[in-house]
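Structure first, then comments.
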Amino acid sequence: MDKPENIRNIAIAAHVDHGKTTLTDNLLAGAGMISQDTAGQQLAMDTEEDEQERGITIDAANVSMTHEYEDTNHLINLIDTPGHVDFGGDVTRAMRAVDGALVVVDAVEGAMPQTETVLRQALREGVKPALFINKVDRLISELQEGPQEMQQRLQSVIQDVNELIRGMTEEMDDVDDWTVSIQDGTVGMGSALYKWGISFPSMQRTGMDFGDIIDLEQNDDRQELHERTPLSDVVLDMVCEHFPNPIDAQPRRIPRVWRGDADSDLAHQMRDVDEAGEVVLMVTDIGIDPHAGEIAAGRVFSGTLEKGQDLYVSGTVGTNRVQSVGIYMGGEREEVDRVPAGNIAAVTGLKDAIAGSTVSSVEMTPFESIEHISEPVITKSVEAKNMDDLPKLIETLRQVSKEDPTIRIEINEDTGEHLISGQGELHLEVITQRIERNQGIPVITGEPIVVYREAPTTNSREVEGISPNRHNRFYMSVEPLSDDIVEIMKRGEATMDMPELERREALMEAGMDKDTAQNVEHIYGSNVLIDDTKGIQHLNETMELVIEGLEESLDDGPLAAEPVEGALLRLHDARLHEDAIHRGPAQVIPATRDAVHTALMDAEIRLLEPIQDVRIDVPNQHMGAASGEIQGRRGRVDDMYQEGDLMVVEGIAPVDEMIGFSSDIRSATEGRASWNTENAGFRVLADNLQPDIIKEIRERKGMKLELPEQIDYI
């Protein structure tokens, strides 16, 4: 742990069911931590009961192991991440803690949609990729391919992955060529289930070629195959040789995730992985231990963590005292005396920390917040069966939102319900099951509800908002923002925390004109407020209230109180009362709200619904049924093509219609289809459906059903 040049921090990431956890088992067996015989079936990193039952990884799990490479002992801190799209938040957070990502791809299925997503998550954080092609045994035993066909198929997988990497690293100045190749040794292949693997260096070492492997595999000599070329050696050698150690990686990663002063002592200590420097810990995950309470896991960028230190947590007042430090061994936590820079640590006692906090021994500029790619699209209401459990339920929900920032929790004050919003049906199902199982609180959950958005579609006229006492007036107009500008705000590439110049350049690059970009007063979600006023008295001290009113009115839009996105609001003029007492919050906030809502209605605001990309792999004879399932759900089919002996149907469909999709597609194709969905943002809901759905939402929220008169354009 004390020699950063021998440390490798890596994550294993891939599409669901491509074999990450099985591969991790092999590595643990190779390091002597679990028995060789059960590796591959044991799934040691799926420590929770529900993970073993469902056969999928739900939480990212950390483990540390050692490996002897070129006569030096290396420490490998590994994070096994989930593949299912509903748990993508865990992958994003894991990427902040590591320097290398081992991307696993199924040899038969090839690069899939989620493979692309995890690559994008890794490259955006400046994490270097390498490739492992798994399930090669299926090419031999199931598809009966010879050496020639096998090499062609493996080459095409490598080409697909390299195309993705090239496309994503084009604009990165701090990255050389990160594409993977067999010759460089950055590609390994093999079978995690049968524990054998090969790479170019290992073939030179053992003298085995494709012919030998096919012979041994066909004669069922898998044990001999495993003994002659064990998977764990191939992969761990690749990790030690090709992934950067913290000393190489931190100088490149720090400027990317931290916006502080690059010449300060702190910046040098983080770049040099200085264990004698100030302590800097980036928390990437919060877990709960029934005995020790909350455990914060994260990457130590500089300094040395020890028990009893008093540390600052970004965004909170005062300090927290460290009660214990340790490292993760799968489900177990090993306590140690100290954890120096460059390692991944587990800390108890940081009660104020959440996933994404910066913890340090001096007050400092916090790290960039971790940007999650997808936002919550489905909501369920949760109530306690017994009223006595209510306080406990509220406490548990608070805990849940601390552990998983991709979940949003709100309490509807009118109906007293607790609403949980998450990435998909499975995400919410797992959370509610865990509340019942771990906390012993029986809960009733409502039907899933889809989260909509509201967005303006044309430019509005200039409208007036008047305060209740008639003394203050605000003149505003609204324009829709282009998709490119909305995209960079959602990705966090233009925020109010950035220096003004950087923010202006980012907005202009995305297509905003110079004058507008210079006058940005506030950014809220994916909406922008522009101050076009000239020399108005008292406006400076009133601006805070204007912004508060603006945020309130964008949180619940005029149609159905759903969040507004993609609106550019211009404040043209304002008339304010001389006397400060007549322009307080009770006057300014309603006046702003009035102006914002009237302008939005004039800009022909519409409901947007969340949509998903759908991909279905299905045998030929069921292709019609599969595409019918998409079209029958107001979806559209974009592409159909043959891949091996299966047809692939690709398209998009609204999330609202995709509820219950899994049972329908199984019965339509006699259970022979495999499919997956990815959230693909929002699109405008068809005009003929707008009135009904708006009415439904208003009824559910207990609002009055008549819409304001201005909304007769739908």
Side-chain angles (χ1 to χ4, degrees), residues 1-10 62 64 74-77 93 95-100 125-128 174 243-285 295-328 335-350 352-353 355-370 497:
M1 286 167 70
D2 291 314
K3 304 198 180 100
E5 61 277 5
N6 297 340
I7 297 177
R8 302 287 183 276
N9 295 313
I10 66 164
N62 307 23
S64 303
H74 288 70
L75 170 66
I76 296 171
N77 297 319
R93 295 196 295 281
M95 291 304 172
R96 179 61 64 92
V98 298
D99 306 315
E125 286 283 348
V127 170
K128 184 179 178 183
D174 51 359
F243 280 145
N245 61 35
I247 296 177
D248 298 337
Q250 286 187 199
R252 189 187 66 248
R253 294 203 55 214
I254 294 296
R256 185 168 268 200
V257 297
W258 186 66
R259 298 248 181 226
D261 173 8
D263 296 328
S264 61
D265 291 347
L266 195 62
H268 287 298
Q269 290 168 3
M270 290 199 285
R271 286 201 293 268
D272 302 342
V273 199
D274 180 0
E275 60 176 74
E278 297 290 350
V279 177
V280 178
L281 166 79
M282 168 87 202
V283 178
T284 56
D285 196 33
I295 304 164
R299 168 78 175 260
V300 187
F301 282 109
S302 85
T304 301
L305 271 176
E306 288 174 21
K307 192 166 143 179
Q309 286 169 328
D310 288 316
L311 302 178
Y312 295 96
V313 177
S314 59
T316 61
V317 185
T319 58
N320 288 185
R321 173 157 292 195
V322 176
Q323 283 164 359
S324 74
V325 291
I327 51 176
Y328 267 113
E335 291 205 3
V336 292
D337 297 334
R338 43 193 289 282
V339 178
N343 285 285
I344 293 176
V347 191
T348 60
L350 303 176
D352 293 336
S357 299
T358 305
V359 177
S360 54
S361 52
V362 287
E363 297 203 22
M364 60 179 279
T365 314
F367 286 99
E368 291 281 280
S369 59
I370 300 178
D497 308 338

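Treat the numbers as computed from the prediction; the structure is a model and nothing was measured.
- M270 approaches I254 most closely through the heavy-atom pair CB-CD1, 3.9 Å.
- In this structure, T348 and S324 have side chains that are in contact, with non-hydrogen atoms separated by less than 4.5 Å.
- Using modelled atom types, one side-chain atom of S360 and one backbone atom of V362 make a donor-acceptor pair closer than 3.5 Å.
- Side-chain contact between I327 and M1: present, with at least one pair of heavy atoms (C-beta onward) separated by less than 4.5 Å.
- I76 CD1 to N9 CG: the interatomic distance, rounded to the nearest 0.5 Å, is 10.0 Å.
- Between the CZ atom in R252 and the CZ atom in R271 there is a gap of 14.0 Å [rounded to 0.5 Å].
- The salt bridge (charged side-chain N to carboxylate O under 4.0 Å, His left out) search around D265 returns none, not counting sequence neighbours.
- Contact check for Q269 versus Q250: no side-chain heavy atoms found under the 4.5 Å cut-off.
- With sequence neighbours excluded, the residues that form a side-chain contact (heavy atoms from CB on, under 4.5 Å) with T304 are E275, E306, R338, P340.
- The structure places CG of D248 at 9.5 Å from NZ of K128, a figure rounded to the nearest 0.5 Å.
- How far CE of M364 is from CG of D261: 11.5 Å, rounded to the nearest 0.5 Å.
- The nearest pair of heavy atoms linking L281 to V347 is CD2-CG2, 4.1 Å.
- A296 and V283 make their closest contact through CB-CG1, 4.0 Å (heavy atoms, listed as atom of the first residue, atom of the second, distance).
- No side-chain donor-acceptor contact under 3.5 Å links D272 to the backbone of D274.
- Of all heavy-atom pairs between P366 and W258, the closest is O-CD1, 3.7 Å.
- Remark: side-chain polar atoms of S302 are paired, donor with acceptor, to backbone N or O of E278 under 3.5 angstrom.
- The closest donor-acceptor contact from the side chain of N343 to the backbone of A345 lies at 3.5 Å or more, if one exists at all.
- Remark: the N77 side chain and the S64 side chain contain an N/O donor-acceptor pair separated by less than 3.5 Å.
- Counting heavy atoms from C-beta on, the side chains of L305 and V279 come closer than 4.5 Å.
- With contacts defined as side-chain heavy-atom distances shorter than 4.5 Å, the pair R8/N245 qualifies.
- Rounding to the nearest 0.5 angstrom, the gap separating the OG atom in S314 from the CZ atom in F367 is 10.0 Å.
- Partners of D99 by salt bridge (charged side-chain N to carboxylate O under 4.0 Å, His left out), not counting sequence neighbours, listed by chain and number: R253, R299.
- Taking the side chain as every heavy atom from C-beta outward, R93 and R96 never approach each other to under 4.5 Å.
- No side-chain heavy atom of R321 sits under 4.5 Å from any side-chain heavy atom of Q309.
- For the pair T319 and L311, the minimum side-chain heavy-atom distance is 4.5 Å or more.
- Atom CD of E363 and atom CG of L266 lie 12.5 Å apart (nearest 0.5 Å).
- Across all their heavy atoms, A267 and A262 have their closest contact at CB-O, 3.5 Å.
- Closest of all the heavy-atom pairs between N320 and A353 is OD1-N, 4.5 Å.
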